[in-house]
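What you see below is based on every heavy atom in this structure, not just the backbone, and it leaves out hydrogens, waters and symmetry mates. Convention: sequence-line order gives letters A, B, ...; per-chain numbering from 1.
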Amino acid sequence: MKPLKQSFYDKDALELSEALLGKLLVKDTPEGRASGIIVETEAYMGAEDRAAHSYGNRRTRRTEIMFGKAGSVYTYQMHTHTLVNVVAAEVDTPQAVLIRAVEPVEGLHLMEERRPGRKQIEWTNGPGKLTKALGIAMNDYGSHYTVPPLQIFDGWAQKDFEIVTGPRIGIDNTGEARDYPWRFWIKGNSYISR
DNA sequence: CATATGATTGAA
DNA sequence: TCAATCATATGC
């Protein structure tokens, strides 16, 4: 098991979404390490994607990191929840991959503490849930997945799994881009959201 | 400075 | 189905 290199992230969001499936998302905190296998992702294709924050190259303090180096951490606050993304493509191409669900691997006791009273299946089966379970927060914004405390490792999951695609979720009011099959997940995995 | 608006979740 | 509740964006 080893951290993925910079070169792994240098691809567009669609390719990266697929490549991230089966990888291990690792977060180190003072309390210990929590990690999970990425089982569901969504691609946000930057300037041409109606549903992306960076549609039409909209560049603000919030989206700034999407214009940065691939493999950067983009955290985003939605209502009371934090969502986490992996920045894709080259500098000035504002694409990103939203991590929607993971399967718990290490630090199960930490996740249980952070998601009190929930069944294990509900710890990480949604974008706002996994950030809470792993301890990912807005102070991870602008970090990079090749350095601690938030990293992505290779070589953990089993090799043979089937990838399925479908329309994205939660963007019904965003018009034309909503039906694009830019959501990816591992077939049959029970930690998929919705 | 005020208000509108979600890449969601959890409970009714 | 709907409200919670907040950072960001945009308008006055």
Side-chain angles (χ1 to χ4, degrees), chain A residues 9 12-21 25 36 38-68 70-89 93-104 111-143 145 150 152 164-186 190-194:
Chain A
Y9 300 99
D12 73 43
L14 286 172
E15 284 180 67
L16 188 59
S17 299
E18 208 170 322
L20 281 171
L21 292 175
L25 181 65
I38 298 171
V39 298
E40 185 181 1
T41 58
E42 272 179 16
Y44 285 88
M45 293 297 282
E48 302 134 47
D49 183 357
R50 226 347 188 304
H53 291 153
S54 51
Y55 175 65
N57 279 315
R58 216 157 51 106
R59 185 170 192 153
T60 64
R61 189 163 71 252
R62 180 180 60 159
T63 61
E64 181 66 32
I65 195 68
M66 292 180 77
F67 293 81
S72 296
V73 180
Y74 175 29
T75 50
Y76 165 73
Q77 197 80 29
M78 172 61 177
H79 286 71
T80 57
H81 311 285
T82 306
L83 280 57
V84 65
N85 299 248
V86 182
V87 175
T93 305
Q95 303 183 357
V97 177
L98 171 66
I99 299 176
R100 289 195 58 86
V102 304
E103 178 178 334
M111 300 193 201
E112 189 166 18
E113 272 171 36
R114 291 163 178 160
R115 309 265 317 136
R118 307 279 162 197
K119 286 186 281 225
Q120 176 165 345
I121 199 81
E122 292 175 340
W123 293 350
T124 57
N125 68 338
K129 301 179 189 178
L130 82 274
T131 55
K132 202 156 289 153
L134 295 187
I136 297 169
M138 284 308 288
N139 50 318
D140 289 306
Y141 180 97
S143 180
Y145 286 105
L150 183 57
I152 297 177
V164 196
T165 70
R168 293 174 293 181
I169 288 181
I171 54 168
D172 296 342
N173 41 8
T174 325
E176 53 195 60
R178 80 170 147 191
D179 295 323
Y180 298 169
W182 287 352
R183 174 168 169 249
F184 301 80
W185 68 95
I186 292 178
S190 40
Y191 288 88
I192 303 306
S193 62
R194 297 287 188 187

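Nucleotide B/dT5 holds its C1' atom 8 Å from the OH atom of A/Tyr76, rounded to whole Å. Whole-Å rounding puts the A/Leu83 CG to C/dT8 P distance at 13 Å. Regarding A/Tyr55, its OH atom lies at a distance of 15 Å from the P atom of B/dA7, rounded to whole Å. Between the CE atom of A/Met78 and the C1' atom of B/dA4 there is a distance of 13 Å, rounded to whole Å. Atom-to-atom, CE of A/Met138 to P of C/dA7 comes out at 9 Å; the value is rounded to the nearest Å. Rounding to whole angstrom units, CZ of residue A/Arg61 and P of C/dC6 are separated by 18 Å.
Stem regions for DNA chain B, each three or more consecutive Watson-Crick or G-U pairs with both distances under 3.5 Å and listed by first number, read B:1-6 with C:6-11, B:8-11 with C:1-4.
With sequence neighbours excluded, no residue satisfies side chain to side chain donor-acceptor pair (under 3.5 Å) with A/Glu18. The side chain to side chain donor-acceptor pair (under 3.5 Å) search around A/Tyr9 returns none, not counting sequence neighbours. Residues meeting the side chain to side chain contact (heavy atoms under 4.5 Å, CB included) test with A/Asn85, sequence neighbours left out: A/Tyr74, A/Ala96, A/Leu98. For A/Ser72, the side chain to side chain contact (heavy atoms under 4.5 Å, CB included) partners two or more places apart in sequence, or in a different chain, are A/Ile65, A/Lys69, A/Val87, A/His144. Considering only residues two or more places apart in sequence or on other chains, A/Asp140 meets the side chain to side chain donor-acceptor pair (under 3.5 Å) condition with A/Lys27. The side chain to side chain contact (heavy atoms under 4.5 Å, CB included) search around A/Thr41 returns A/Ser17, A/Leu20, A/Leu21, A/Ile38, A/Val97, A/Phe184, not counting sequence neighbours. Residues passing the side chain to side chain contact (heavy atoms under 4.5 Å, CB included) test with A/Glu112, sequence neighbours excluded: A/Trp123.
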Report all interatomic pairs (protein N or O, nucleotide N or O of nucleotides 10-12 of chain C) with separations under 3.5 Å.
{"residue": "C/dT10", "atom": "OP1", "partner": "A/Arg58", "partner atom": "NH1", "Å": "3.4"}

Between the protein and nucleotides 10-12 of chain B, list every N/O to N/O distance that falls short of 3.5 Å.
{"residue": "B/dG10", "atom": "OP1", "partner": "A/Arg115", "partner atom": "NH1", "Å": "3.4"}
{"residue": "B/dG10", "atom": "OP1", "partner": "A/Arg115", "partner atom": "NH2", "Å": "3.1"}
{"residue": "B/dG10", "atom": "OP2", "partner": "A/Lys129", "partner atom": "NZ", "Å": "3.4"}
{"residue": "B/dA11", "atom": "OP1", "partner": "A/Arg118", "partner atom": "NH2", "Å": "3.2"}

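Under the salt bridge (Lys or Arg N to Asp or Glu O under 4.0 Å) criterion, the residue pairs touching residues 114-126 of chain A are A/Glu31-A/Arg114, with sequence neighbours excluded. Judged as a salt bridge (Lys or Arg N to Asp or Glu O under 4.0 Å), the pairs with a partner in residues 51-60 of chain A (not counting sequence neighbours) are, in order, A/Arg59-A/Glu64, A/Arg59-A/Asp92.
In this structure, the separation between CG on A/Leu130 and CD1 on A/Ile136 is 6.0 Å, given to the nearest 0.5 Å.
Backbone-only contact: A/Gln77 has heavy atoms under 4.0 Å from sugar-phosphate atoms and none from a base.
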